[in-house]
2 protein chains.
Amino acid sequence: MQPEYPLPVDLFDTLDKASPIPLYYQLATALEQAIRDERVPPGSRLENEISLGNRLGLSRPTVRRALQELVDKGLLVRRRGIGTQVVHGRVTRNVELTSLYEDLGQSGQTPTTRVIAYELGTADDTAATELGVAVGAPVLHLTRLRCADGVPLAVLENTLPEDFTDITREELEARGLYQLMKARGVSIRVANQRIGARAASAVEGELLEIRKGSPLLTMSRTAFDNSGRAVEYGQHVYRPDLYSFELTLVDR
Amino acid sequence: MQPEYPLPVDLFDTLDKASPIPLYYQLATALEQAIRDERVPPGSRLENEISLGNRLGLSRPTVRRALQELVDKGLLVRRRGIGTQVVHGRVTRNVELTSLYEDLGQSGQTPTTRVIAYELGTADDTAATELGVAVGAPVLHLTRLRCADGVPLAVLENTLPEDFTDITREELEARGLYQLMKARGVSIRVANQRIGARAASAVEGELLEIRKGSPLLTMSRTAFDNSGRAVEYGQHVYRPDLYSFELTLVDR
DNA sequence: CAGTGGTCTAGACCACGAA
DNA sequence: TCGTGGTCTAGACCACTGC
(Lines give C-alpha, C1' and ligand atoms only; values in the text may rest on other atoms or scores of the structure.)
Protein backbone atom coordinates (compact mmCIF):
# COMPACT_ATOMS: atom_id res chain seq x y z
CA MET A 1 0.00 0.00 0.00
CA GLN A 2 1.11 3.51 -0.66
CA PRO A 3 2.48 5.14 2.49
CA GLU A 4 0.44 7.95 3.85
CA TYR A 5 1.43 11.51 3.12
CA PRO A 6 1.97 13.57 6.27
CA LEU A 7 -0.17 16.66 5.89
CA PRO A 8 1.83 19.69 6.95
CA VAL A 9 0.37 20.77 10.27
CA ASP A 10 0.90 24.41 9.52
CA LEU A 11 -1.72 24.09 6.79
CA PHE A 12 -4.33 24.10 9.48
CA ASP A 13 -3.07 26.84 11.72
CA THR A 14 -5.74 28.98 10.17
CA LEU A 15 -8.56 26.96 11.75
CA ASP A 16 -10.50 29.34 13.97
CA LYS A 17 -13.13 27.78 16.22
CA ALA A 18 -14.51 31.18 17.15
CA SER A 19 -15.10 32.21 13.54
CA PRO A 20 -18.65 32.20 12.17
CA ILE A 21 -17.30 30.29 9.16
CA PRO A 22 -18.06 26.59 9.71
CA LEU A 23 -15.09 24.46 10.72
CA TYR A 24 -15.69 21.87 7.99
CA TYR A 25 -15.64 24.68 5.46
CA GLN A 26 -12.44 26.19 6.81
CA LEU A 27 -10.76 22.79 6.64
CA ALA A 28 -12.09 21.98 3.17
CA THR A 29 -10.93 25.32 1.81
CA ALA A 30 -7.46 25.05 3.33
CA LEU A 31 -7.01 21.52 2.02
CA GLU A 32 -8.34 22.40 -1.42
CA GLN A 33 -5.87 25.25 -1.69
CA ALA A 34 -3.05 22.95 -0.61
CA ILE A 35 -3.99 20.44 -3.31
CA ARG A 36 -4.31 23.09 -6.02
CA ASP A 37 -0.90 24.47 -5.07
CA GLU A 38 0.44 20.91 -5.10
CA ARG A 39 1.68 21.35 -1.55
CA VAL A 40 -0.09 18.03 -1.25
CA PRO A 41 1.05 16.12 -4.36
CA PRO A 42 -1.35 14.39 -6.83
CA GLY A 43 -1.85 10.73 -6.05
CA SER A 44 -0.66 11.02 -2.45
CA ARG A 45 -2.53 9.16 0.24
CA LEU A 46 -3.87 11.24 3.12
CA GLU A 47 -3.78 10.47 6.80
CA ASN A 48 -6.93 8.74 8.05
CA GLU A 49 -9.83 10.79 9.28
CA ILE A 50 -9.68 9.77 12.95
CA SER A 51 -6.06 10.74 13.36
CA LEU A 52 -6.58 13.91 11.33
CA GLY A 53 -9.45 14.84 13.63
CA ASN A 54 -7.35 14.25 16.72
CA ARG A 55 -4.52 16.39 15.41
CA LEU A 56 -6.91 19.20 14.52
CA GLY A 57 -9.09 18.95 17.61
CA LEU A 58 -12.13 18.17 15.48
CA SER A 59 -14.61 15.33 15.68
CA ARG A 60 -14.70 12.67 13.02
CA PRO A 61 -18.00 13.80 11.40
CA THR A 62 -16.60 17.29 10.94
CA VAL A 63 -13.45 16.00 9.29
CA ARG A 64 -15.53 13.64 7.12
CA ARG A 65 -17.72 16.48 5.97
CA ALA A 66 -14.69 18.52 4.90
CA LEU A 67 -13.24 15.58 2.98
CA GLN A 68 -16.60 14.83 1.37
CA GLU A 69 -16.74 18.37 0.00
CA LEU A 70 -13.51 17.72 -1.86
CA VAL A 71 -14.68 14.30 -3.05
CA ASP A 72 -17.74 16.03 -4.51
CA LYS A 73 -15.50 18.52 -6.28
CA GLY A 74 -13.50 15.68 -7.80
CA LEU A 75 -10.26 16.44 -5.93
CA LEU A 76 -10.20 13.39 -3.66
CA VAL A 77 -11.05 9.72 -4.08
CA ARG A 78 -11.84 7.46 -1.12
CA ARG A 79 -11.89 3.69 -0.81
CA ARG A 80 -12.97 1.67 2.18
CA GLY A 81 -10.11 -0.32 3.62
CA ILE A 82 -7.61 1.74 1.61
CA GLY A 83 -7.79 5.39 2.44
CA THR A 84 -8.14 8.80 0.86
CA GLN A 85 -6.06 9.85 -2.14
CA VAL A 86 -5.60 13.01 -4.16
CA VAL A 87 -6.77 12.55 -7.76
CA HIS A 88 -4.00 12.48 -10.38
CA GLY A 89 -4.05 15.03 -13.11
CA ARG A 90 -4.94 18.64 -13.46
CA VAL A 91 -7.68 19.96 -11.30
CA THR A 92 -10.16 22.04 -13.23
CA ARG A 93 -12.71 24.61 -12.32
CA ASN A 94 -16.37 23.82 -12.60
CA VAL A 95 -19.58 25.18 -13.99
CA GLU A 96 -21.04 26.90 -11.00
CA LEU A 97 -24.13 28.85 -10.22
CA THR A 98 -22.62 32.17 -11.15
CA SER A 99 -23.43 34.51 -13.97
CA LEU A 100 -21.35 34.93 -17.07
CA TYR A 101 -20.70 38.49 -15.91
CA GLU A 102 -18.96 37.35 -12.74
CA ASP A 103 -17.14 34.52 -14.52
CA LEU A 104 -15.55 36.96 -16.93
CA GLY A 105 -14.56 39.34 -14.17
CA GLN A 106 -12.92 36.54 -12.22
CA SER A 107 -10.91 35.37 -15.19
CA GLY A 108 -9.44 38.83 -15.58
CA GLN A 109 -11.53 40.00 -18.52
CA THR A 110 -13.63 43.13 -18.56
CA PRO A 111 -17.30 42.36 -19.20
CA THR A 112 -19.56 44.88 -20.88
CA THR A 113 -23.23 44.66 -21.79
CA ARG A 114 -25.34 46.29 -24.48
CA VAL A 115 -29.09 46.11 -24.05
CA ILE A 116 -30.56 45.19 -27.46
CA ALA A 117 -34.17 44.91 -26.39
CA TYR A 118 -36.07 45.75 -23.24
CA GLU A 119 -39.83 45.28 -23.31
CA LEU A 120 -42.70 44.63 -21.01
CA GLY A 121 -44.68 41.93 -22.71
CA THR A 122 -46.73 38.86 -22.02
CA ALA A 123 -45.60 35.31 -21.45
CA ASP A 124 -45.71 33.04 -24.47
CA ASP A 125 -46.22 29.33 -24.15
CA THR A 126 -42.59 28.41 -23.44
CA ALA A 127 -41.96 31.21 -20.98
CA ALA A 128 -45.23 30.51 -19.15
CA THR A 129 -44.34 26.84 -18.74
CA GLU A 130 -40.79 27.52 -17.62
CA LEU A 131 -41.67 30.32 -15.20
CA GLY A 132 -44.80 28.65 -13.90
CA VAL A 133 -47.06 31.60 -14.71
CA ALA A 134 -50.18 31.82 -16.88
CA VAL A 135 -49.86 32.31 -20.64
CA GLY A 136 -50.31 36.02 -21.25
CA ALA A 137 -49.12 37.03 -17.78
CA PRO A 138 -47.03 40.21 -17.76
CA VAL A 139 -43.28 39.53 -18.00
CA LEU A 140 -40.09 41.41 -18.78
CA HIS A 141 -38.25 40.45 -21.97
CA LEU A 142 -34.57 41.25 -22.27
CA THR A 143 -32.01 40.80 -25.01
CA ARG A 144 -28.44 41.68 -24.17
CA LEU A 145 -25.13 41.47 -25.99
CA ARG A 146 -22.31 40.52 -23.66
CA CYS A 147 -18.72 41.35 -24.59
CA ALA A 148 -15.40 40.48 -22.99
CA ASP A 149 -12.65 43.06 -23.41
CA GLY A 150 -14.78 44.58 -26.15
CA VAL A 151 -15.18 41.37 -28.16
CA PRO A 152 -18.76 40.15 -28.59
CA LEU A 153 -19.16 36.84 -26.82
CA ALA A 154 -22.79 35.99 -26.28
CA VAL A 155 -26.37 37.01 -26.94
CA LEU A 156 -28.47 36.66 -23.81
CA GLU A 157 -32.26 36.49 -24.03
CA ASN A 158 -34.14 36.42 -20.75
CA THR A 159 -37.68 36.40 -19.49
CA LEU A 160 -38.37 37.55 -15.93
CA PRO A 161 -41.54 37.64 -13.85
CA GLU A 162 -43.42 40.87 -13.35
CA ASP A 163 -41.82 41.88 -10.07
CA PHE A 164 -38.47 42.65 -11.70
CA THR A 165 -39.81 45.37 -13.97
CA ASP A 166 -38.08 47.99 -11.85
CA ILE A 167 -34.74 46.87 -13.29
CA THR A 168 -33.56 49.60 -15.67
CA ARG A 169 -31.56 49.49 -18.89
CA GLU A 170 -28.83 51.47 -17.17
CA GLU A 171 -28.51 48.92 -14.41
CA LEU A 172 -28.37 46.10 -16.95
CA GLU A 173 -25.48 47.75 -18.74
CA ALA A 174 -23.54 48.19 -15.51
CA ARG A 175 -24.07 44.86 -13.76
CA GLY A 176 -24.92 41.20 -14.25
CA LEU A 177 -28.52 40.06 -14.01
CA TYR A 178 -27.90 37.90 -10.95
CA GLN A 179 -26.31 40.80 -9.10
CA LEU A 180 -29.36 42.94 -9.80
CA MET A 181 -31.72 40.23 -8.63
CA LYS A 182 -29.68 39.64 -5.50
CA ALA A 183 -29.81 43.36 -4.70
CA ARG A 184 -33.60 42.96 -4.80
CA GLY A 185 -33.46 40.20 -2.22
CA VAL A 186 -33.73 37.29 -4.65
CA SER A 187 -30.87 34.85 -4.65
CA ILE A 188 -30.72 31.94 -7.06
CA ARG A 189 -30.47 28.52 -5.51
CA VAL A 190 -31.15 25.96 -8.22
CA ALA A 191 -30.97 26.06 -12.01
CA ASN A 192 -31.75 23.56 -14.74
CA GLN A 193 -29.63 23.99 -17.84
CA ARG A 194 -29.59 22.41 -21.28
CA ILE A 195 -26.47 22.84 -23.41
CA GLY A 196 -26.52 22.29 -27.15
CA ALA A 197 -25.42 23.74 -30.48
CA ARG A 198 -26.96 25.16 -33.63
CA ALA A 199 -26.23 27.45 -36.56
CA ALA A 200 -26.23 31.23 -36.12
CA SER A 201 -29.09 33.26 -37.58
CA ALA A 202 -28.35 36.38 -39.61
CA VAL A 203 -29.05 38.66 -36.66
CA GLU A 204 -26.95 36.59 -34.26
CA GLY A 205 -24.13 36.52 -36.79
CA GLU A 206 -24.18 40.28 -37.06
CA LEU A 207 -24.20 40.83 -33.31
CA LEU A 208 -21.44 38.31 -32.64
CA GLU A 209 -19.40 39.32 -35.71
CA ILE A 210 -19.44 35.85 -37.24
CA ARG A 211 -20.97 34.51 -40.45
CA LYS A 212 -24.59 33.43 -40.61
CA GLY A 213 -24.69 29.64 -40.30
CA SER A 214 -21.54 29.30 -38.20
CA PRO A 215 -21.78 27.09 -35.12
CA LEU A 216 -23.08 28.53 -31.86
CA LEU A 217 -22.98 27.01 -28.41
CA THR A 218 -26.43 27.30 -26.82
CA MET A 219 -27.62 27.18 -23.24
CA SER A 220 -31.16 27.47 -21.97
CA ARG A 221 -31.78 27.78 -18.29
CA THR A 222 -34.56 28.03 -15.75
CA ALA A 223 -33.48 29.36 -12.36
CA PHE A 224 -35.25 29.07 -9.01
CA ASP A 225 -34.86 31.17 -5.86
CA ASN A 226 -34.58 29.94 -2.30
CA SER A 227 -38.34 29.42 -2.04
CA GLY A 228 -38.37 27.21 -5.10
CA ARG A 229 -40.09 29.75 -7.35
CA ALA A 230 -38.92 30.14 -10.96
CA VAL A 231 -37.41 33.63 -11.28
CA GLU A 232 -35.64 33.54 -14.64
CA TYR A 233 -35.82 31.80 -17.97
CA GLY A 234 -32.99 32.38 -20.41
CA GLN A 235 -31.92 31.31 -23.87
CA HIS A 236 -28.29 32.17 -24.48
CA VAL A 237 -25.96 31.66 -27.42
CA TYR A 238 -22.17 31.83 -27.22
CA ARG A 239 -19.34 32.12 -29.72
CA PRO A 240 -17.77 28.68 -29.39
CA ASP A 241 -14.26 29.92 -30.18
CA LEU A 242 -14.44 32.15 -27.11
CA TYR A 243 -16.49 30.19 -24.64
CA SER A 244 -17.11 26.63 -23.42
CA PHE A 245 -18.49 24.91 -20.33
CA GLU A 246 -16.37 22.96 -17.88
CA LEU A 247 -17.79 20.50 -15.43
CA THR A 248 -16.68 17.78 -13.06
CA LEU A 249 -18.79 14.67 -12.59
CA VAL A 250 -18.48 12.43 -9.57
CA ASP A 251 -19.91 8.98 -9.02
CA ARG A 252 -21.48 8.80 -5.56
CA MET B 1 -46.30 30.73 6.42
CA GLN B 2 -47.34 27.94 4.14
CA PRO B 3 -48.84 25.05 6.11
CA GLU B 4 -46.78 21.92 6.14
CA TYR B 5 -47.66 19.10 3.81
CA PRO B 6 -48.30 15.83 5.60
CA LEU B 7 -46.09 13.25 3.93
CA PRO B 8 -48.13 10.11 3.37
CA VAL B 9 -46.79 7.60 5.90
CA ASP B 10 -47.24 4.73 3.51
CA LEU B 11 -44.50 6.26 1.36
CA PHE B 12 -42.04 4.98 3.88
CA ASP B 13 -43.38 1.53 4.54
CA THR B 14 -40.61 0.33 2.30
CA LEU B 15 -37.89 1.36 4.77
CA ASP B 16 -36.04 -1.80 5.71
CA LYS B 17 -33.54 -1.49 8.54
CA ALA B 18 -32.18 -4.95 7.86
CA SER B 19 -31.39 -4.20 4.22
CA PRO B 20 -27.79 -3.61 3.18
CA ILE B 21 -29.00 -0.51 1.34
CA PRO B 22 -28.34 2.51 3.59
CA LEU B 23 -31.38 3.96 5.30
CA TYR B 24 -30.67 7.51 4.13
CA TYR B 25 -30.57 6.20 0.57
CA GLN B 26 -33.82 4.26 0.93
CA LEU B 27 -35.52 7.38 2.27
CA ALA B 28 -34.03 9.69 -0.37
CA THR B 29 -35.09 7.36 -3.18
CA ALA B 30 -38.63 6.93 -1.87
CA LEU B 31 -39.05 10.67 -1.42
CA GLU B 32 -37.55 11.48 -4.82
CA GLN B 33 -39.98 9.10 -6.49
CA ALA B 34 -42.88 10.67 -4.59
CA ILE B 35 -41.83 14.13 -5.77
CA ARG B 36 -41.34 13.05 -9.38
CA ASP B 37 -44.77 11.41 -9.34
CA GLU B 38 -46.18 14.59 -7.78
CA ARG B 39 -47.57 12.57 -4.90
CA VAL B 40 -45.85 15.38 -3.02
CA PRO B 41 -46.88 18.51 -4.95
CA PRO B 42 -44.40 21.15 -6.20
CA GLY B 43 -43.98 24.03 -3.79
CA SER B 44 -45.34 22.12 -0.81
CA ARG B 45 -43.63 22.49 2.52
CA LEU B 46 -42.40 19.33 4.19
CA GLU B 47 -42.68 18.35 7.81
CA ASN B 48 -39.60 19.27 9.85
CA GLU B 49 -36.72 16.85 10.12
CA ILE B 50 -37.04 16.03 13.82
CA SER B 51 -40.67 15.04 13.56
CA LEU B 52 -40.02 13.16 10.34
CA GLY B 53 -37.24 11.23 12.05
CA ASN B 54 -39.50 10.35 14.96
CA ARG B 55 -42.23 9.08 12.70
CA LEU B 56 -39.78 6.97 10.73
CA GLY B 57 -37.74 5.75 13.68
CA LEU B 58 -34.62 7.40 12.29
CA SER B 59 -32.17 9.79 13.90
CA ARG B 60 -32.01 13.38 12.77
CA PRO B 61 -28.63 13.09 10.97
CA THR B 62 -29.96 10.21 8.88
CA VAL B 63 -33.04 12.17 7.87
CA ARG B 64 -30.88 15.22 7.15
CA ARG B 65 -28.63 13.22 4.91
CA ALA B 66 -31.57 11.94 2.88
CA LEU B 67 -32.97 15.44 2.47
CA GLN B 68 -29.55 16.81 1.55
CA GLU B 69 -29.30 14.31 -1.30
CA LEU B 70 -32.45 15.78 -2.79
CA VAL B 71 -31.27 19.33 -2.22
CA ASP B 72 -28.12 18.47 -4.16
CA LYS B 73 -30.26 17.10 -6.98
CA GLY B 74 -32.20 20.34 -7.10
CA LEU B 75 -35.53 18.84 -5.96
CA LEU B 76 -35.71 20.49 -2.54
CA VAL B 77 -34.90 23.93 -1.19
CA ARG B 78 -34.29 24.54 2.52
CA ARG B 79 -34.31 27.74 4.55
CA ARG B 80 -33.41 28.16 8.18
CA GLY B 81 -36.36 29.31 10.23
CA ILE B 82 -38.72 28.43 7.36
CA GLY B 83 -38.53 24.79 6.45
CA THR B 84 -38.05 22.49 3.50
CA GLN B 85 -39.97 22.96 0.26
CA VAL B 86 -40.30 21.11 -3.01
CA VAL B 87 -38.98 23.17 -5.92
CA HIS B 88 -41.58 24.46 -8.36
CA GLY B 89 -41.39 23.51 -11.97
CA ARG B 90 -40.44 20.46 -13.91
CA VAL B 91 -37.84 18.18 -12.45
CA THR B 92 -35.23 17.25 -14.99
CA ARG B 93 -32.70 14.52 -15.26
CA ASN B 94 -29.05 15.33 -14.97
CA VAL B 95 -25.74 14.74 -16.70
CA GLU B 96 -24.43 11.80 -14.80
CA LEU B 97 -21.34 9.71 -14.85
CA THR B 98 -22.78 7.20 -17.29
CA SER B 99 -21.82 6.43 -20.83
CA LEU B 100 -23.76 7.53 -23.86
CA TYR B 101 -24.43 3.85 -24.50
CA GLU B 102 -26.32 3.41 -21.24
CA ASP B 103 -28.08 6.76 -21.59
CA LEU B 104 -29.53 5.72 -24.94
CA GLY B 105 -30.60 2.33 -23.64
CA GLN B 106 -32.36 3.92 -20.68
CA SER B 107 -34.25 6.38 -22.86
CA GLY B 108 -35.67 3.50 -24.86
CA GLN B 109 -33.45 3.81 -27.92
CA THR B 110 -31.30 1.04 -29.32
CA PRO B 111 -27.63 1.96 -29.36
CA THR B 112 -25.28 0.48 -31.91
CA THR B 113 -21.58 1.06 -32.46
CA ARG B 114 -19.33 0.85 -35.51
CA VAL B 115 -15.61 0.77 -34.88
CA ILE B 116 -14.01 3.14 -37.40
CA ALA B 117 -10.44 2.87 -36.17
CA TYR B 118 -8.68 0.63 -33.69
CA GLU B 119 -4.94 1.04 -33.36
CA LEU B 120 -2.17 0.52 -30.91
CA GLY B 121 -0.16 3.67 -31.05
CA THR B 122 1.83 6.05 -28.95
CA ALA B 123 0.65 8.95 -26.85
CA ASP B 124 0.87 12.36 -28.46
CA ASP B 125 1.33 15.49 -26.43
CA THR B 126 -2.32 16.02 -25.54
CA ALA B 127 -3.05 12.40 -24.69
CA ALA B 128 0.11 12.12 -22.61
CA THR B 129 -0.80 15.19 -20.58
CA GLU B 130 -4.39 14.12 -20.06
CA LEU B 131 -3.60 10.51 -19.17
CA GLY B 132 -0.55 11.35 -17.11
CA VAL B 133 1.79 9.08 -19.11
CA ALA B 134 4.98 9.86 -20.99
CA VAL B 135 4.84 11.18 -24.55
CA GLY B 136 5.36 8.16 -26.80
CA ALA B 137 4.02 5.69 -24.25
CA PRO B 138 1.96 2.89 -25.79
CA VAL B 139 -1.77 3.63 -25.83
CA LEU B 140 -4.91 2.36 -27.53
CA HIS B 141 -6.61 4.72 -29.99
CA LEU B 142 -10.27 4.19 -30.80
CA THR B 143 -12.70 5.89 -33.12
CA ARG B 144 -16.30 4.77 -32.96
CA LEU B 145 -19.53 5.83 -34.61
CA ARG B 146 -22.45 5.64 -32.23
CA CYS B 147 -25.99 5.34 -33.60
CA ALA B 148 -29.39 5.42 -31.93
CA ASP B 149 -32.08 3.35 -33.63
CA GLY B 150 -29.81 3.24 -36.65
CA VAL B 151 -29.37 7.03 -36.93
CA PRO B 152 -25.77 8.26 -36.59
CA LEU B 153 -25.51 10.36 -33.47
CA ALA B 154 -21.90 10.83 -32.43
CA VAL B 155 -18.29 10.20 -33.33
CA LEU B 156 -16.32 9.05 -30.30
CA GLU B 157 -12.54 9.26 -30.25
CA ASN B 158 -10.81 7.79 -27.23
CA THR B 159 -7.32 7.17 -25.95
CA LEU B 160 -6.78 4.48 -23.31
CA PRO B 161 -3.71 3.41 -21.36
CA GLU B 162 -1.82 0.29 -22.34
CA ASP B 163 -3.57 -2.09 -19.98
CA PHE B 164 -6.82 -1.98 -21.92
CA THR B 165 -5.34 -3.35 -25.14
CA ASP B 166 -7.14 -6.64 -24.54
CA ILE B 167 -10.43 -4.94 -25.45
CA THR B 168 -11.46 -6.25 -28.87
CA ARG B 169 -13.32 -4.65 -31.77
CA GLU B 170 -16.12 -7.16 -31.30
CA GLU B 171 -16.57 -6.18 -27.66
CA LEU B 172 -16.64 -2.51 -28.62
CA GLU B 173 -19.43 -3.11 -31.10
CA ALA B 174 -21.52 -4.98 -28.53
CA ARG B 175 -21.10 -2.85 -25.43
CA GLY B 176 -20.26 0.61 -24.13
CA LEU B 177 -16.68 1.47 -23.22
CA TYR B 178 -17.47 2.00 -19.55
CA GLN B 179 -19.11 -1.41 -19.32
CA LEU B 180 -16.01 -3.03 -20.79
CA MET B 181 -13.73 -1.20 -18.39
CA LYS B 182 -15.91 -2.11 -15.45
CA ALA B 183 -15.78 -5.77 -16.46
CA ARG B 184 -11.99 -5.40 -16.19
CA GLY B 185 -12.29 -4.17 -12.62
CA VAL B 186 -11.93 -0.48 -13.41
CA SER B 187 -14.82 1.73 -12.40
CA ILE B 188 -14.88 5.41 -13.20
CA ARG B 189 -15.24 7.73 -10.25
CA VAL B 190 -14.46 11.23 -11.44
CA ALA B 191 -14.47 12.91 -14.85
CA ASN B 192 -13.59 16.38 -16.06
CA GLN B 193 -15.56 17.49 -19.10
CA ARG B 194 -15.48 20.47 -21.41
CA ILE B 195 -18.47 21.12 -23.64
CA GLY B 196 -18.27 23.32 -26.71
CA ALA B 197 -19.22 23.60 -30.35
CA ARG B 198 -17.51 23.79 -33.74
CA ALA B 199 -18.11 23.12 -37.42
CA ALA B 200 -18.09 19.56 -38.78
CA SER B 201 -15.14 18.41 -40.89
CA ALA B 202 -15.77 16.60 -44.16
CA VAL B 203 -15.16 13.20 -42.56
CA GLU B 204 -17.38 13.95 -39.59
CA GLY B 205 -20.08 15.21 -41.93
CA GLU B 206 -19.99 12.01 -43.91
CA LEU B 207 -20.13 9.79 -40.83
CA LEU B 208 -22.94 11.74 -39.20
CA GLU B 209 -24.82 12.30 -42.47
CA ILE B 210 -24.77 16.08 -42.23
CA ARG B 211 -23.11 18.74 -44.35
CA LYS B 212 -19.51 19.72 -43.85
CA GLY B 213 -19.45 22.92 -41.81
CA SER B 214 -22.71 22.32 -39.95
CA PRO B 215 -22.62 22.82 -36.18
CA LEU B 216 -21.45 20.03 -33.90
CA LEU B 217 -21.71 19.78 -30.15
CA THR B 218 -18.33 18.74 -28.74
CA MET B 219 -17.29 17.17 -25.46
CA SER B 220 -13.81 16.29 -24.30
CA ARG B 221 -13.38 14.29 -21.15
CA THR B 222 -10.70 12.87 -18.90
CA ALA B 223 -11.91 10.13 -16.57
CA PHE B 224 -10.30 8.81 -13.39
CA ASP B 225 -10.82 5.50 -11.58
CA ASN B 226 -11.27 4.95 -7.87
CA SER B 227 -7.53 5.23 -7.23
CA GLY B 228 -7.39 8.61 -8.92
CA ARG B 229 -5.53 7.37 -12.02
CA ALA B 230 -6.54 8.72 -15.44
CA VAL B 231 -7.99 5.80 -17.41
CA GLU B 232 -9.61 7.47 -20.42
CA TYR B 233 -9.29 10.56 -22.55
CA GLY B 234 -12.00 11.20 -25.11
CA GLN B 235 -12.94 13.77 -27.72
CA HIS B 236 -16.53 13.34 -28.81
CA VAL B 237 -18.72 15.17 -31.29
CA TYR B 238 -22.53 14.97 -31.37
CA ARG B 239 -25.23 15.90 -33.84
CA PRO B 240 -26.86 18.83 -32.04
CA ASP B 241 -30.29 18.11 -33.47
CA LEU B 242 -30.24 14.72 -31.77
CA TYR B 243 -28.31 15.29 -28.57
CA SER B 244 -27.79 17.86 -25.81
CA PHE B 245 -26.57 17.94 -22.24
CA GLU B 246 -28.83 18.57 -19.26
CA LEU B 247 -27.54 19.59 -15.89
CA THR B 248 -28.79 20.90 -12.59
CA LEU B 249 -26.75 23.43 -10.64
CA VAL B 250 -27.22 24.00 -6.93
CA ASP B 251 -25.86 26.80 -4.79
CA ARG B 252 -24.49 25.37 -1.55
C1' DC C 1 -5.68 -9.77 11.85
C1' DA C 2 -5.49 -4.59 11.91
C1' DG C 3 -6.69 -0.47 9.52
C1' DT C 4 -9.65 2.03 6.65
C1' DG C 5 -13.90 4.49 5.30
C1' DG C 6 -19.39 3.95 5.50
C1' DT C 7 -23.33 4.26 8.36
C1' DC C 8 -26.07 5.42 12.34
C1' DT C 9 -27.36 7.17 16.91
C1' DA C 10 -28.43 10.68 20.70
C1' DG C 11 -27.87 14.70 21.98
C1' DA C 12 -26.25 19.75 22.23
C1' DC C 13 -25.93 24.62 20.95
C1' DC C 14 -26.56 28.19 17.59
C1' DA C 15 -28.44 31.51 13.78
C1' DC C 16 -32.16 32.88 11.30
C1' DG C 17 -36.97 34.09 10.20
C1' DA C 18 -41.68 34.67 11.55
C1' DA C 19 -45.27 35.87 14.67
C1' DT D 1 -40.67 34.11 21.67
C1' DC D 2 -40.70 29.97 19.12
C1' DG D 3 -39.80 26.80 15.38
C1' DT D 4 -36.77 25.93 11.77
C1' DG D 5 -32.53 24.23 9.71
C1' DG D 6 -27.07 24.55 10.37
C1' DT D 7 -23.26 22.89 12.94
C1' DC D 8 -20.68 19.98 16.04
C1' DT D 9 -19.59 16.32 19.34
C1' DA D 10 -18.69 11.44 21.17
C1' DG D 11 -19.29 7.26 20.43
C1' DA D 12 -20.84 2.73 18.19
C1' DC D 13 -21.03 -1.02 14.77
C1' DC D 14 -20.16 -2.64 10.21
C1' DA D 15 -17.90 -3.80 5.47
C1' DC D 16 -14.08 -3.90 2.84
C1' DT D 17 -9.00 -4.24 2.07
C1' DG D 18 -4.48 -5.99 2.62
C1' DC D 19 -1.27 -8.60 5.38
Side-chain angles (χ1 to χ4, degrees), chain A residues 1-5 15-29 44-72 76-86 185-187 189 225-228 250-252, chain B residues 1-5 15-29 44-54 56-72 76-86 185 187 189 225-228 250-252:
Chain A
M1 193 200 309
Q2 177 173 160
E4 82 183 24
Y5 183 87
L15 282 190
D16 176 7
K17 293 208 177 192
S19 160
I21 299 168
L23 289 166
Y24 78 86
Y25 187 82
Q26 294 183 43
L27 175 55
T29 307
S44 58
R45 175 169 155 266
L46 265 50
E47 167 181 4
N48 77 67
E49 38 188 44
I50 309 267
S51 125
L52 189 54
N54 289 341
R55 283 210 298 143
L56 297 170
L58 296 176
S59 71
R60 188 182 168 204
T62 303
V63 173
R64 275 185 67 76
R65 179 154 182 193
L67 295 177
Q68 191 57 46
E69 294 267 316
L70 300 192
V71 171
D72 291 344
L76 294 180
V77 167
R78 323 190 73 188
R79 281 179 293 170
R80 180 153 38 182
I82 305 282
T84 304
Q85 284 177 284
V86 179
V186 174
S187 62
R189 260 313 168 66
D225 70 2
N226 55 13
S227 73
V250 179
D251 186 23
R252 0 195 297 141
Chain B
M1 193 199 310
Q2 177 172 159
E4 84 183 22
Y5 184 86
L15 282 190
D16 175 8
K17 293 210 176 191
S19 160
I21 299 168
L23 288 166
Y24 76 86
Y25 188 83
Q26 294 183 42
L27 175 54
T29 308
S44 59
R45 177 171 153 263
L46 265 51
E47 151 180 23
N48 77 66
E49 36 186 50
I50 309 267
S51 125
L52 189 53
N54 289 340
L56 297 170
L58 296 176
S59 71
R60 188 182 166 203
T62 303
V63 173
R64 275 185 68 76
R65 180 153 183 192
L67 294 177
Q68 191 57 48
E69 294 267 316
L70 300 192
V71 171
D72 291 345
L76 295 180
V77 167
R78 323 190 72 187
R79 282 180 294 170
R80 181 153 38 181
I82 305 282
T84 304
Q85 285 177 281
V86 179
S187 60
R189 257 319 166 62
D225 71 2
N226 56 13
S227 75
V250 179
D251 186 22
R252 359 198 295 139

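Residue numbers start from 1 in every chain, and the chains themselves are labelled A, B, ... in the order their sequence lines are given, proteins ahead of strands. Everything numeric here is computed off the predicted structure, so don't read it as measured data.
With sequence neighbours excluded, the residues forming a side chain to side chain contact (heavy atoms under 4.5 Å, CB included) with A/Ser19 are A/Asp16, A/Ile21, A/Gln26, listed by chain and number. Under the rule for a salt bridge (charged side-chain N to carboxylate O under 4.0 Å, His left out), the partners of A/Glu49 that lie at least two apart in sequence or sit in another chain are A/Arg60, A/Arg64, A/Arg78.
Residue B/Thr62 comes nearest to B/Leu58 through the heavy atom pair CG2-CD1, 4.3 Å, listed as atom of the first residue, atom of the second, then distance. Contact record, A/Ser227 with B/Gln85: O-OE1, 3.7 Å, taken as the closest heavy-atom pair.
For the pair B/Ile50 CD1 and C/dG11 P, the interatomic distance rounds to 11 Å; values are reported in whole Å. Rounded to whole angstrom, the span from the CG atom of B/Asn54 across to the C1' atom of C/dA10 amounts to 12 Å. For A/Leu46 and C/dG5, the CG to C1' distance is 13 Å, given to the nearest whole Å. Between the CD atom of B/Glu47 and the P atom of D/dG3 there is a distance of 15 Å, given to the nearest Å. Atom CG in A/Asn226 sits roughly 14 Å away from atom P in D/dG5 (whole-Å rounding). Taking atom CZ of residue A/Arg45 and atom C1' of nucleotide D/dT17, one finds them 11 Å apart after rounding to whole Å.
Contact annotation: B/Thr84 side-chain N/O to D/dT4 OP1/OP2 distance is not under 4.0 Å. Dashed line: the shortest gap from a side-chain N or O of B/Asn48 to OP1 or OP2 of D/dG3 is not under 4.0 Å.
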Filtered N/O pairs between nucleotides 6-9 of chain C and protein, under 3.5 Å:
residue : atom : partner : partner atom : Å
C/dG6   : OP2  : A/Arg64 : NH1          : 3.1
C/dG6   : OP2  : A/Arg64 : NH2          : 3.1
C/dG6   : OP2  : A/Arg78 : NH1          : 3.3
C/dG6   : O4'  : A/Arg80 : NH1          : 3.4
C/dG6   : N7   : A/Arg60 : NH2          : 2.8
C/dG6   : O6   : A/Arg60 : NH1          : 2.9
C/dT7   : OP1  : B/Tyr24 : OH           : 3.1
C/dT7   : OP2  : B/Arg65 : NH1          : 3.1
C/dT7   : OP2  : B/Arg65 : NH2          : 2.9
C/dT7   : O4   : A/Arg60 : NH1          : 3.4
C/dC8   : OP1  : B/Leu23 : N            : 2.5
C/dC8   : OP2  : B/Leu23 : N            : 3.4
C/dC8   : OP2  : B/Tyr24 : N            : 3.4
C/dT9   : OP2  : B/Ser59 : N            : 3.0
C/dT9   : OP2  : B/Ser59 : OG           : 2.7
C/dT9   : OP2  : B/Thr62 : OG1          : 2.5

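Inter-residue side-chain proximity for A/Leu56 and A/Leu27 is flagged as met; some heavy-atom pair is nearer than 4.5 Å. A heavy-atom distance below 4.5 Å is not found between the side chains of A/Leu23 and A/Arg65.
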